[in-house]
Novice: 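My questions all concern the structure below.
Naming convention: chains lettered A, B, ... in sequence-line order (proteins, then strands); numbering from 1 in each chain.
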Amino acid sequence: MAKGITSREESYADWYNEIVKKAGLADHSAVRGCMVIKPYGFAIWEKMQAQLDKRFKETGHVNAYFPLFIPKSFLSKEAEHVEGFAKECAVVTHHRLMNDPNGNGVIVDPTAKLEEELIVRPTSETIIWNTYKDWIKSYRDLPLLINQWANVVRWEMRTRMFLRTAEFLWQEGHTAHTTKGEAVAEARQMLDVYAEFAEEYMAMPVIKGRKTANERFAGAEDTYTIEALMQDGKALQSGTSHFLGQNFAKAFDVKFLNQNQKEEYVWATSWGVSTRLMGGLIMTHSDDNGLIVPPKLAALHAVIVPIPKPGAEIDEAAMKIMAALKEKGISVKYDTDAKKRPGFKFAEYELQGVPVRIGIGKRDLEKGVVELARRDTGEKTQVPVDAAASAIEQLLEDIQNNLFQKALDYRTEHTSSADDFDTFKQILEEKGGFVKAHWDGTVETEKKIKELTKATIRCIPLDNEQEEGKCILTGKPSKERVLFAKAY
RNA sequence: CGGGGCGUAGCGCAGUCCGGUUAGCGCACCUGUUUUGGGAACAGGGGGCCGCAGGUUCGAAUCCUGCCGCCCCGACCA
């Protein structure tokens, strides 16, 4: 393990990449824009999945799986939707390889051309709605509440590990309802699920809001979002939930017979979060010593480091603490590697973001105590061996709360208001973060502001205060402030 | 797709301008000894299609031509 990593101040991008690689979360792969998620990173993702999946099921959803490939023709059925994704699709054109007659390995067999090309799904609305057509006949078939855990591919021009990769893992919920009201309520409910998960588990405060028409999902009537603020003052869209209206029902002709024996198109939603959340997790909490993982998502809660090395008495104390932790459901590893010195281990586990380190040293043990070090603050305390497990339990809770509070404080400090364009620009340039400002409600103004400042409207907060004002760019009247920021 | 950078051991790099012994350094790895309370020291050892393909030359990591790939910054997007 290399000594030290680039500081956030020196280069935020380098810092981020080094955390990802050196903490063992992921690596660049041989394929452009695609990453290998390594065991340690995948373990954290699995914890996220487990929690989210549990909540989806508690809210009545079931999991299913749809094909990776989508016939090209499906994508042309919903005009806006195609337009949104057309530029970034991977296309399968052939189904066979053959030996190169010139002896240069294998080539695509030109005779194995597909009659209709297949698109590697960038999202599954089309294949799913094509299927729902057969599943939905009556109001009794509704609501249909399905989620799938899958990989999708979007041929992005520029990629960054976890934040934007050509292939990424996600879940996508696709639901069908009898009424508009029910579908909107579903979209809102799932946004709440995401927000609760982000705040309670990831310790990442988010702002719930609605996207402007310009930022809306291709094919949606309304897009809800949770927006988080990263340590460099840029916003990260961390989850979205869409009210799709009847667009896909009409495009794929999905009708049901209502109780009055009349045919109606169904109302739809879709919602998703992805491995991008990993990027949010990293950029919300980590520091210049490495990764910091909130206890509720940590692959490993605590690690025991024998000082200076394992031995009968230290082993005994370690076993005792491990047994007590096990009972409390706290995961712990006893690092018995005698070839590495304590200092090395301290640095290594800090890099990996293990929330609590238990140092068991000969000297301390004579006094019957061990040392607890918390990753978030670096603070060290001494506790009696018998009290260690309950102290650690408390510490994990404290760390979880502290991480959330710290992130919330950062966001509060980096949320400003601007009433004129110069101030607006200055805040974005000097301080970053969210800026609340009035906007005249037009796409043109939104685009112009983006052009001038690189900031976009992250959302119109759901609980937004109504307030008369003037658009910072055009001076036209506005009835509420919207949330601007530069974004990932 | 525009701008920049890079491809040499698992990782990080030097060597390339100006061709010439056996391609080198740090970390990691293996063996041994002494160590061990914040990234140990010494000794010995293993590991290379120098991105790929052509060319120039007595001789190419180095020069020429072509190709491929990756990263960073921007425009596009979760």
Novice: Rounded to whole angstrom, note down the C1' distance from B:G3 over to B:U22.
Specialist: 42 Å
Novice: Do the side chains of A:K339 and A:D337 get close enough for a salt bridge, i.e. N-O under 4.0 angstrom?
Specialist: no
Novice: From CZ of A:F344 over to C1' of B:A28, roughly how many Å is that when rounded to an integer?
Specialist: 9 Å
Novice: What nucleotide among B:C77, B:G39, B:C71 has an atom nearest to a side-chain atom of A:A347?
Specialist: B:G39
Novice: Would you mind telling me which residue lines up with the more 5' stretch of RNA chain B, A:N214 or A:A373, judged by nearest nucleotide?
Specialist: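 Between the two, 5'-proximity favours A:A373.
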Novice: Counting distance alone, no hydrogens or angles: does the base of B:G38 have a donor or acceptor under 3.5 Å from a partner atom on the side chain of A:R357?
Specialist: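 In this structure, the two groups form a donor-acceptor pair.
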Novice: Rounding to an integer number of Å, can you tell me how far A:K234 NZ sits from B:C77 P?
Specialist: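 My rounded result for the distance is 15 Å.
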Novice: Just to be sure I understand the rule, does A:L163 reach a base, reach only the sugar-phosphate, or reach nothing, if contact means heavy atoms closer than 4.0 Å?
Specialist: base
Novice: Could you check which of B:C77, B:G39, B:G74 has an atom nearest any side-chain atom of A:K454?
Specialist: B:G74
Novice: Between B:G46 and B:G4, how many Å separate the two C1' atoms, rounded to a whole number?
Specialist: 39 Å
Novice: Can you say whether a donor on the side chain of A:K380 sits under 3.5 Å from an acceptor on the base of B:G38, or the other way round?
Specialist: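 For A:K380, whose side chain was compared with the base of B:G38, there is a donor-acceptor pair (under 3.5 Å).
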Novice: With heavy atoms under 4.0 Å as the rule, sort A:F217 into base, sugar-phosphate or nothing.
Specialist: nothing
Novice: May I ask you to say what A:S274 touches in the nucleic acid, namely base, sugar-phosphate or nothing, with a heavy-atom cut-off under 4.0 Å?
Specialist: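 Touches a base.
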Novice: Distance check, P atoms only: B:G38 and B:U33, in whole angstrom units.
Specialist: 25 Å
Novice: Does NZ or CZ of A:K38 come closer than 6.0 Å to the centre of the six-membered ring of A:Y40, within 45° of the ring's axis?
Specialist: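 No, cation not above the ring by the 6.0 Å, 45° rule.
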Novice: Which part of the nucleic acid does A:E350 contact within heavy-atom distance under 4.0 Å: base, sugar-phosphate only, or nothing?
Specialist: base
Novice: Rounding to a whole Å, what distance do you find between A:F85:CZ and B:C76:P?
Specialist: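 My rounded result for the distance is 16 Å.
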Novice: Is there a side-chain contact between A:V305 and A:F346 in this structure, where contact means two heavy atoms from C-beta onward sitting under 4.5 Å apart?
Specialist: yes
Novice: Expressed as a whole number of Å, how far does the P atom of B:C71 sit from that of B:A61?
Specialist: 28 Å
Novice: Can you tell me how far C1' in B:C29 sits from the matching atom in B:G12, rounded to whole Å?
Specialist: 16 Å
Novice: Would you mind reading off the distance between A:Y16 atom OH and B:C73 atom P, rounded to a whole angstrom?
Specialist: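 From A:Y16 OH to B:C73 P: 12 Å.
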Novice: Can you tell if the side chain of A:D364 reaches within under 4.5 Å of the side chain of A:I307, non-hydrogen atoms only?
Specialist: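 Answer no - side chains too far apart.
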Novice: What is the distance, rounded to the nearest whole Å, between atom NE2 of A:H28 and atom P of B:G69?
Specialist: 16 Å
Novice: Does B:C63 pair with anything, Watson-Crick or G-U wobble, both distances under 3.5 Å, and if so, with which nucleotide?
Specialist: B:G55
Novice: Sort out for me which residue in A:R411, A:K486, A:K208, A:R458 forms a salt bridge (Lys or Arg N to Asp or Glu O under 4.0 Å) with A:E227.
Specialist: A:R458
Novice: Please give, in whole Å, the distance from B:C71 C1' to A:K21 NZ?
Specialist: 8 Å
Novice: Between B:C27 and B:G39, how many Å separate the two C1' atoms, rounded to a whole number?
Specialist: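 These two C1' atoms come out 12 Å apart once rounded.
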Novice: For the P atoms, the ones on B:C63 and on B:U21, what distance do you get once it is rounded to whole angstrom?
Specialist: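 To the nearest whole Å, 16 Å.
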Novice: What's A:Q237 touching, base or sugar-phosphate or nothing? Going by heavy atoms closer than 4.0 Å.
Specialist: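 Sugar-phosphate: the residue A:Q237, judged by heavy atoms under 4.0 Å, touches backbone atoms but no base.
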Novice: I need the CH2-P distance between A:W15 and B:C71, as an integer number of Å.
Specialist: 19 Å
Novice: Any donor-acceptor pair, under 3.5 Å, between the side chain of A:E18 and the base of B:G12, if you only look at N and O atoms?
Specialist: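 No such pair is found, so the answer is no.
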Novice: So A:T225, base contact, sugar-phosphate only, or nothing? Heavy-atom distance under 4.0 Å.
Specialist: nothing
Novice: If we take the C1' atom in both B:A23 and B:G69, what is their distance in whole Å?
Specialist: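 Result for the C1' pair: 24 Å, nearest Å.
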Novice: It should be established whether A:N17 places a side-chain nitrogen or oxygen under 4.0 Å from OP1 or OP2 of nucleotide B:C72.
Specialist: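 Affirmative; the distance criterion is met.
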Novice: Would you indicate what A:K362 reaches in the nucleic acid, counting non-hydrogen atoms under 4.0 angstrom: base, sugar-phosphate, or nothing?
Specialist: base
Novice: For A:R154, is there an ion pair with A:E167 - N to carboxylate O distance below 4.0 angstrom?
Specialist: no
Novice: Specify the separation, in whole Å, of atom NZ of A:K339 and atom C1' of B:G39.
Specialist: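 Answer to the nearest Å: 18 Å.
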Novice: Nearest to the side chain of A:R158 - B:C71, B:C77, B:G74?
Specialist: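 Of B:C71, B:C77, B:G74, B:G74 is nearest to the side chain of A:R158.
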Novice: Check whether any side-chain N or O of A:R341 sits under 4.0 Å from OP1 or OP2 of B:A40, and answer yes or no.
Specialist: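 Yes.
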Novice: Counting side-chain heavy atoms from C-beta on, which of B:A75, B:G37, B:C77 comes nearest to A:M157?
Specialist: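 Of B:A75, B:G37, B:C77, B:A75 is nearest to the side chain of A:M157.
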Novice: Between A:D376 and A:H285, is any pair of side-chain heavy atoms under 4.5 Å apart?
Specialist: no
